[in-house]
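In what follows, residues are counted from 1 in the order of the sequence shown.
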Amino acid sequence: MNRIVLSILLLVGSLSLAATDIKDVFTAMPDSVLPTLSRNNRLDMIDFVLSGMKAEVNDVFDEKSTLDTLTADYLHITLSEAVKVEMKLLPSSRQLADSTDHVVCVVMTYGIKPIESNVQLFTSKWTPLPSPIPSLGNQVASLSEVSDTLSLEVTSRNEENKEEKRLTLLKWNGVGFNKN
């Protein structure tokens with residue numbers, strides 16, 4: 001009987017260790033990824049959301065930063081009027097170099113008009129991975145809160161000097177992003 005109880009406890013404990021949640025990844029994020037938010041700021045934001053409060057903190061510049069959206073695998077932060085950050089936890093179809101099985105896609109969008117985004121990938125232990133998207137000028141990226149999709153909108157000028165926008169949807173396949 002004791003062996004059965006011990007086996008069940010070990011199984012439950014191992015399942016909870018294997019579970020990866022964006023809250024845990026965000027809390028463990030190195031300060032170098034988002035230098036304006038300290039670990040204490042990130043912990044406070046999570047606590048505020050879990051308590052049903054507005055997740056707003058004063059960053060290192062004493063400006064307001066807000067955790068707008070938090071789900072099990074996605075978060076959206078407004079660092080300022082000109083800087084937004086999205087993070088999405090994506091399952092990897094293979095074990096990564098640091099023994100993790102999830103990838104964190106980070107999209108940082110800068111500017112008011114024009115705006116531009118930078119897309120970075122990390123393991124869930126914050127080891128950098130090769131960038132999935134080459135940095136193009138006038139590129140705005142956004143992650144889907146409900147699916148493993150990355151949207152890229154690129155603005156360019158045609159021969160008549162008119163602005164043209166092209167939208168590309170990329171789907172996560174467990175290894176990288178592919179065109180939908």
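The residues Lys162 and Glu160 are annotated as not salt-bridged, no charged nitrogen and carboxylate oxygen being separated by less than 4.0 angstrom.
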List the steps and the verdict of side chain to side chain contact (heavy atoms under 4.5 Å, CB included) for Asn118 and Tyr110.
-> CA-CA 8 Å; Asn118 180 22; Tyr110 308 94; 4.2 Å; yes
Go through Asp31 and Arg42 one step at a time and tell me if the salt bridge (Lys or Arg N to Asp or Glu O under 4.0 Å) criterion holds.
-> CA-CA 10 Å; Asp31 290 344; Arg42 296 189 304 271; 3.0 Å; yes
Trace of the side chain to side chain contact (heavy atoms under 4.5 Å, CB included) decision for Lys64 with Asn58 = CA-CA 5 Å; Lys64 301 283 185 212; Asn58 288 333; 3.1 Å; yes
Would Glu63 and Val57 count as a side chain to side chain contact (heavy atoms under 4.5 Å, CB included) if you check the C-alpha gap in whole Å, the side-chain angles of each, and the deciding distance to 0.1 Å?
-> CA-CA 8 Å; Glu63 294 185 8; Val57 298; over 6 Å; no
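The CG atom of Leu167 sits 8.0 Å away from atom OG of Ser142, with the distance rounded to the nearest 0.5 Å. Note that CG of Leu169 and CG of Leu152 are 8.5 Å apart. Values are rounded to the nearest 0.5 Å. Separating the SG atom in Cys105 from the CD atom in Glu86 is a distance of 8.5 Å, to the nearest 0.5 Å. To the nearest 0.5 Å, the span separating CG on Asp73 from CD1 on Ile22 amounts to 7.5 Å. Atom CD of Gln95 and atom OG1 of Thr100 lie 7.5 Å apart (nearest 0.5 Å). Interatomic distance, CD of Glu56 versus OG1 of Thr78, reported as 10.0 Å (0.5 Å rounding).
The main-chain N or O of Ala141 is found under 3.5 Å from a side-chain atom of Ser117 such that the two form a donor-acceptor pair. No donor-acceptor pair under 3.5 Å is formed between the side chain of Trp172 and the backbone N or O of Ser92. A donor-acceptor pair under 3.5 Å is formed between the side chain of Asn41 and the backbone N or O of Ser38. The backbone N or O of Ile77 lies less than 3.5 Å from no partner atom in the side chain of Lys84, so there is not a single donor-acceptor pair. With Thr66 contributing its side chain and Asp68 its backbone, the two residues share no donor-acceptor pair below 3.5 Å.
For the pair Val85 and Met87, the minimum side-chain heavy-atom distance is below 4.5 Å. Residues Val104 and Trp126 are in side-chain contact: their nearest non-hydrogen atoms beyond the backbone lie under 4.5 Å apart. Residues Leu70 and Lys23 form a side-chain contact, since some pair of their non-hydrogen atoms from C-beta on lies under 4.5 Å apart. Using a 4.5 Å heavy-atom cutoff, the side chains of Leu37 and Leu79 are in contact.
In terms of heavy atoms, Met45 sits closest to Phe26 at SD-CZ, 4.2 Å. The two residues Ser124 and Thr20 have their closest heavy-atom pair at CB-CG2, 4.4 Å. In terms of heavy atoms, Tyr74 sits closest to His76 at OH-CB, 3.7 Å.
A donor-acceptor contact closer than 3.5 angstrom is absent between the side chains of Thr27 and Asp24. Using modelled atom types and a 3.5 Å distance limit, the side chains of Ser144 and Thr149 yield no donor-acceptor pair. Side-chain atoms of Asp98 and Thr123 include a donor-acceptor pair closer than 3.5 Å.
Ile115 and Met108 are not part of a single hydrophobic cluster, where members link through side-chain heavy atoms under 4.5 Å apart. Val33 and Leu96 are members of different hydrophobic clusters when ILVMFWY side chains are connected at heavy-atom separations under 4.5 Å.
The one candidate from Leu143, Thr69, Leu67 that meets the side-chain contact (heavy atoms from CB on, under 4.5 Å) condition with Leu75 is Leu67.
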